[in-house]
Amino acid sequence: MKTFDIICVVSLIFTTSCTKKDKELNTTPTPPIAETREYQLEKFEDIRHDNYFWLNDREDPEVIDYLERENAYNEDMTAHTKALQKQLFEEMKSRIKEDDASVPYKFNGYWYITRYEKGKDYPIYSRKKETLNAPEEILFDCNLEAKGYSYYRLIGLNVSPDNTLVAFGEDTVSRRQYTIRIKNLVDGNVYEDKIENTTGSSTWAADGKTLFYTKKDAETLRSYKIMKHILGTSTSQDVEVFTEEDDTFNTFVYKTKSDKYIVIGSTSTLTSEYRILRANEPNGEFKIFQPRVRGLEYGISHYNDHFYVLTNADGATNFKLVKTKEQNTEKENWVDVIPHRQNTLLEDIEIFKDYLVISERTNGLNKIQVQRWDGSETYYLPFDNETYTAYVSTNPDFDTKILRYAYNSLVTPNSVIDFNMATKEKNVKKEQEVLGGTFDKNNYTSERVWATAIDGTKIPMSLVYRKGLKMDGTNPVLQYGYGSYGATIDPYFSTARLSLLDRGFVYAIAHVRGGEYLGRPWYEEGKLLKKKNTFTDFIDCSRFLIEEGYTSKEHLYAMGGSAGGLLMGAVINMAPELYHGVVAAVPFVDVVTTMLDDSIPLTTGEYDEWGNPNDEEYYSYMKSYSPYDNITAQVYPNLLVTTGLHDSQVQYWEPAKWVAKMRAVKQDTNILLLHTNMEAGHGGASGRFEALKEVAEEYAFLLDLEGITE
C-alpha cells in the first residue's frame, strides 16, 4: 500500500487580508502587473497562449523582481493586520508546551526520545541506554545544526546494529534533496564523506558497515537509484545496486522489522515491485519478489519463514492480506489470510511475535484489529464517535505484547497509548497538553454530515465548532479539502485551529472523492477522467453548508494546499460566487503545462493520477479543468496564494503565473495576494515557531475578511 506524506499539506492550513472598512482605506497600494510576453504552446493542433511563461526561470532577475514586488504588495495590503497576526502567533504559541518531549520508545537496547526546549525552534534527538534513568546521550541538537541556515531539516536517523553509528539526512534549502552523513556515536565525530542528492533515508546491513541509500535524479528529483556505501571508503566508490529505468516509478530501500531482509521497493501510482536480500549478505544479489504487473499493487512484511503481502491482486479493490513462503514469493504462491471485503479498506499491518495488528477503514472510520497468530483471539479496539483519528504509532520492538497507538478527534487532543494486547489494559503514556488555561473540550462539538453530490452520491464532511452557535447562516465557515492520490484527511485535533473556533468559525473537512475516506473506490472515482468529481463534490458540500444554515456566501471560506490548491483553483473558476475568500497554499494550478514537461520533478510519476497529456483524451480533459487555463473575465473571491521559491513539488511559477493572469483578467476589486517564501519550499518554514507565524498570517486573512480585528 502506498503511504502519503500529507503532513506538510495538513500543516499549511490557513492565511491573511482586510475588513470592508479597511479595504476602502487600502486603495493606495498598486498591485504589481506582470509583463506579458507572447508565448504559444501547441499540442494536437491546439494552441494555448501563455503570456506569463517567462516567469518559470528562477535565475532571471526580472522574475525575482516580480516576486518581490508581489511580496511588497502583500505586505502593504496586510500592514493593518500585523497586530492581529502577532496576537494570533502569541496566542497559538502559548498553547504549546515549549519544553515538550515525545513518548520514549525502545529499540535495540536504547530508549529514543525527541524533545524541545523552551524558546527553541528545532528538536533535540537523544537516547538512554536500557533504562529511562540512564544518562541522556544527545544524538543531534538541531538548534545548533540549523545555525547559519534560514531553513534546516534533519531526517532519516538510522542507527547501526551495534549502536555505534548513525546515518542521517540534511536539507538546508527545502528542496528535499538531502545530504546523507554518518556520525560516530562513540566519539561524536561526523565523518567527512557526504552523500549528495538523496532522499535522506538509508538502511544498514547486518554487518553495521554497509549502508544502502536512495539517490535522486539531479534534474527531476525522482528517486531512481539504490546505492551501496561501505564505511571507510570514499563515496566515489559507492556501488550501484539497482536503477529504476521507468521514469514513472520511484524506488526506495528499507529493512524488514524482523531484521532479516533488506528490501528494495519500486512503485508508481498503480503498480509495485520489490526485491529482497538477506541483511547478513550485503554483497549478494537481490531477488525479485514478484515481477511488476501493471495495476498490481503490493507491500511486504516478514514474519518467521513467511512474507505477508498487502495487495489488490485478483480484483481486491480494497486490498487483502496474503502470505507466501520465503523461497516461493511469486503471486501464484500467495494464500489468502484476510480476504477482500467490499466495504472495508485494508490500510496497513503491524507484525509482532505473537500478534498481527490490522489497520482498516469502514464507512470512513479508522479501526484497529488485533489477532493472535495462533488464531485463539481476534478483537477490535473500541472507538465511539464519528470524528476521530486512530492510528498505529511507533512499534519497532518485535517481541512485545504492547501495541502503541495514537488517538485524537476534532475536539480531543492527541493521546499516545500503550495497549497490552494480552490483558487489554490501556496505559495513556501522554496526552497533549493545551496550555493557556482556556481550553475545555466540553466547549466544542463535532459532527459528521452528508451532502448530496450532483450525481446523487453522498459526500461526508467532518465539522467542529463551539457549542451554542446558532445555525442561522451568519457563521463564518472554513471548508478544507484535498482529494487526490488516495490521501485521506482524517478529522484531527489542532491547537492552532482553536483561534478560529473561539472567534466563531466552523471548521469543515470535506471528504471528497479522490481521497480514500470511503475506501479505494472513493479514490478511483476522483482521478484521471473522473477528476472533476473532486471539484463538484467540494462545491456541493459548500452548497449544503449554505442550505443547512451553517453559513452563507458572505461568510464561507475555502482552503487547500498542493493538489488541494488545484481544488481551490478549480472551484473558484466553476463557482466563484459561493466563497467570500479562498486560501490556496502551494497550489498545483498549471496542470497541462506541468504534466507535459517531463523535466519537472514528479511529473512522469503523476501520469497514473492525472493522466498522460500526450494522449489527446487526457490532454483535453486536463485542459477543461486546469485552473490556469480556465481563468475567465468574472468576479473572483478574495484570494491569498502562498508558495515557496525552492518548492520541488509544485514549482513556484505555477501560482505566480496564475496570480498574474487572474490579476489581468478578473472583473472585481477583491483582494488578490501572492506571498512567496523566498527561502523555503513545499513545506514552508522549518522551525515550529516560524511555521506558526505562517499560520497566524493565514488566520489573519480569514478573520480580517470577517471584520474580526482581535
Side-chain angles (χ1 to χ4, degrees), residues 6-7 9-11 13-14 88 91-97 100 103 361-368 381-391 393 405-417 426 428-451 459-471 475-482 488-511 515 517 541 544-545 548-551 555-557 559 692 695 698-699 702-703 708:
I6 64 173
I7 303 295
V9 176
V10 172
S11 66
I13 292 214
F14 309 98
L88 288 166
E91 186 178 290
M92 292 184 288
K93 184 179 176 183
S94 73
R95 298 191 190 105
I96 296 173
K97 190 177 189 313
D100 204 2
V103 179
R361 185 184 297 270
T362 302
N363 195 31
L365 304 180
N366 304 125
K367 292 188 175 183
I368 298 175
L381 274 60
F383 305 118
D384 60 359
N385 66 70
E386 290 191 327
T387 58
Y388 70 88
T389 299
Y391 56 93
S393 184
Y405 73 95
Y407 175 90
N408 70 94
S409 77
L410 286 173
V411 300
T412 309
N414 191 59
S415 293
V416 177
I417 300 161
K426 280 197 324 184
V428 179
K429 303 297 291 185
K430 180 180 180 180
E431 187 170 314
Q432 179 185 2
E433 293 184 58
V434 183
L435 303 183
T438 60
F439 173 72
D440 180 350
K441 67 179 181 181
N442 295 313
N443 291 334
Y444 306 88
T445 190
S446 64
E447 60 179 322
R448 186 166 65 160
V449 298
W450 299 77
I459 312 298
M461 279 188 288
S462 298
L463 311 181
V464 62
Y465 48 88
R466 279 191 73 98
K467 288 181 178 177
L469 281 187
K470 293 180 180 179
M471 300 307 165
N475 303 308
V477 169
L478 177 60
Q479 181 183 334
Y480 176 79
Y482 187 68
T488 298
I489 309 301
D490 281 310
Y492 66 97
F493 182 79
S494 164
T495 58
R497 188 192 301 137
L498 296 173
S499 291
L500 287 183
L501 302 184
D502 290 347
R503 289 171 171 85
F505 267 75
V506 177
Y507 180 76
I509 302 173
H511 304 293
Y517 185 79
C541 285
F544 173 89
L545 292 170
E548 294 298 312
Y550 288 94
T551 191
H555 300 285
L556 179 58
Y557 303 91
M559 196 279 173
L692 275 184
V695 176
E698 294 168 349
Y699 276 31
L702 300 170
L703 294 168
I708 299 171

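How far OH of Tyr699 is from CG of Leu692: 9.0 Å, rounded to the nearest 0.5 Å. The CD1 atom of Ile509 sits 12.0 Å away from atom SG of Cys541, with the distance rounded to the nearest 0.5 Å.
Taking the side chain as every heavy atom from C-beta outward, Ile489 and Tyr480 approach each other to under 4.5 Å. Between Lys430 and Asp100, some side-chain heavy-atom pair lies under the 4.5 Å cut-off. Phe439 has its side chain within reach of Pro413: a pair of non-hydrogen atoms, C-beta onward, lies under 4.5 Å apart. Looking only at side-chain heavy atoms (C-beta outward), Gln432 and Asn408 stay at 4.5 Å or farther from each other. The side-chain heavy atoms of Tyr465 and Asn475, taken from C-beta on, include no pair separated by under 4.5 Å.
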(request) Dump the intermediate steps for salt bridge (Lys or Arg N to Asp or Glu O under 4.0 Å) on Asp440 and Lys467, then the final yes or no. (result) CA-CA 11 Å; Asp440 180 350; Lys467 288 181 178 177; over 6 Å; no
(request) Please report the C-alpha distance between Phe544 and Trp450 in whole Å, then the side-chain angles of each, then the deciding distance to 0.1 Å, and finally whether the side-chain contact (heavy atoms from CB on, under 4.5 Å) criterion is met. (result) CA-CA 9 Å; Phe544 173 89; Trp450 299 77; over 6 Å; no
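Applying the ring pair (Phe, Tyr, Trp, His ring centres under 6.0 Å) rule to Tyr517 yields the partners His511; only residues at least two apart in sequence or on another chain are considered. Under the rule for a side-chain hydrogen bond (donor to acceptor under 3.5 Å, both in side chains), the partners of Arg503 that lie at least two apart in sequence or sit in another chain are Glu91.
In this pair, Tyr407 and Tyr388 present their aromatic rings parallel. The plane angle is below 30°, not in the 30 to 60° band.
Side-chain rings of Phe493 and Tyr444 stay apart, their centers remaining 6.0 Å or farther from each other.
Cation-pi geometry between Arg497 and Tyr492 is met: under 6.0 angstrom from the ring centre, within 45 degrees of the axis.
By the neighbour-count criterion of 12 heavy atoms within 6.0 Å, atom NZ of Lys97 is densely surrounded, having more than that number from other residues, nucleotides or ligands.
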